[in-house]
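Down below is the structure, laid out as structure tokens.
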Amino acid sequence: MKKWMFTIFGAVLVLSACGGNDTNMNEPAPENNGNNAENTENAADSGEYDLANGEQVYAQNCAACHGGDLTGASGPGLETHTAEAVEAAIQEGPGSMPADLVTGEDAADVAAWIESQ
């Protein structure tokens with residue numbers, strides 16, 4: 001009985017660890033409002049990051065594998081990674097990490113928050 005309970009607990013933990021993105025893929029993308037990529041400055045390009053958002057996104061999507069203190073859990077520790085390395089890992093999904101778990105400004109904010117710790 002104990003083995004069975006540990007198996008269920010482990011499966012729930014693994015399945016929930018990499019989730020947390022509440023984006024509904026059936027909803028249409030927000031309108032561009034006339035701004036195109038050429039004249040709209042991205043926060044990541046300008047060096048402006050929302051560290052509070054980065055911390056929140058990290059807690060929701062990353063902490064289960066990388067630890068609340070960045071020292072690692074089932075995934076590697078991140079305490080010595082640069083923002084660029086973190087963003088590349090988010091996009092590429094190295095090892096068993098899913099690619100693009102967070103995207104856009106959220107990814108840039110998470111990477112900046114990790115580097116600031």
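Excluded from the calculations below are hydrogen atoms, water molecules and symmetry mates; all remaining heavy atoms, backbone and side chain alike, are included.
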Distance (rounded to the nearest 0.5 Å) between D50 CG and Q56 CD: 9.0 Å
Run M97 and E92 through side chain to side chain contact (heavy atoms under 4.5 Å, CB included) and show every step you take. CA-CA 9 Å; M97 180 177 156; E92 296 166 8; over 6 Å; no
Where C62 and V110 come nearest, the two heavy atoms and their spacing: SG-CG1, 4.4 Å
Any donor-acceptor pair under 3.5 Å from N61 side chain to V57 backbone: yes
Sub-3.5 Å donor-acceptor pair from the side chain of D69 to the main-chain atoms of T71, do we have one? yes
L101 versus I90: any side-chain heavy-atom pair under 4.5 Å? no
How close do A111 and E87 get, heavy atom to heavy atom, and via which atoms? CB-CG, 3.4 Å
As an exercise, state the distance from CD of Q60 to CG of D106, rounded to the nearest 0.5 Å. 9.0 Å
How many angstroms lie between atom CD of E115 and atom CG of L51, to the nearest 0.5 angstrom? 10.0 Å
Heavy atoms of A89 and P94 approach each other most closely as O-CD, 3.1 Å
For D109 and Y49, indicate whether the former's side chain and the latter's backbone hold a donor-acceptor pair under 3.5 Å. no
Quick check: does any side chain N or O of D100 sit under 3.5 Å from a backbone N or O of T103, one acting as donor and the other as acceptor? no
May I have all residue pairs that pass ring pair (Phe, Tyr, Trp, His ring centres under 6.0 Å) and include part of residues 75-117, sequence neighbours excluded? Y58-W113
For A112 and A83 the tightest heavy-atom approach is N-CB, 4.3 Å
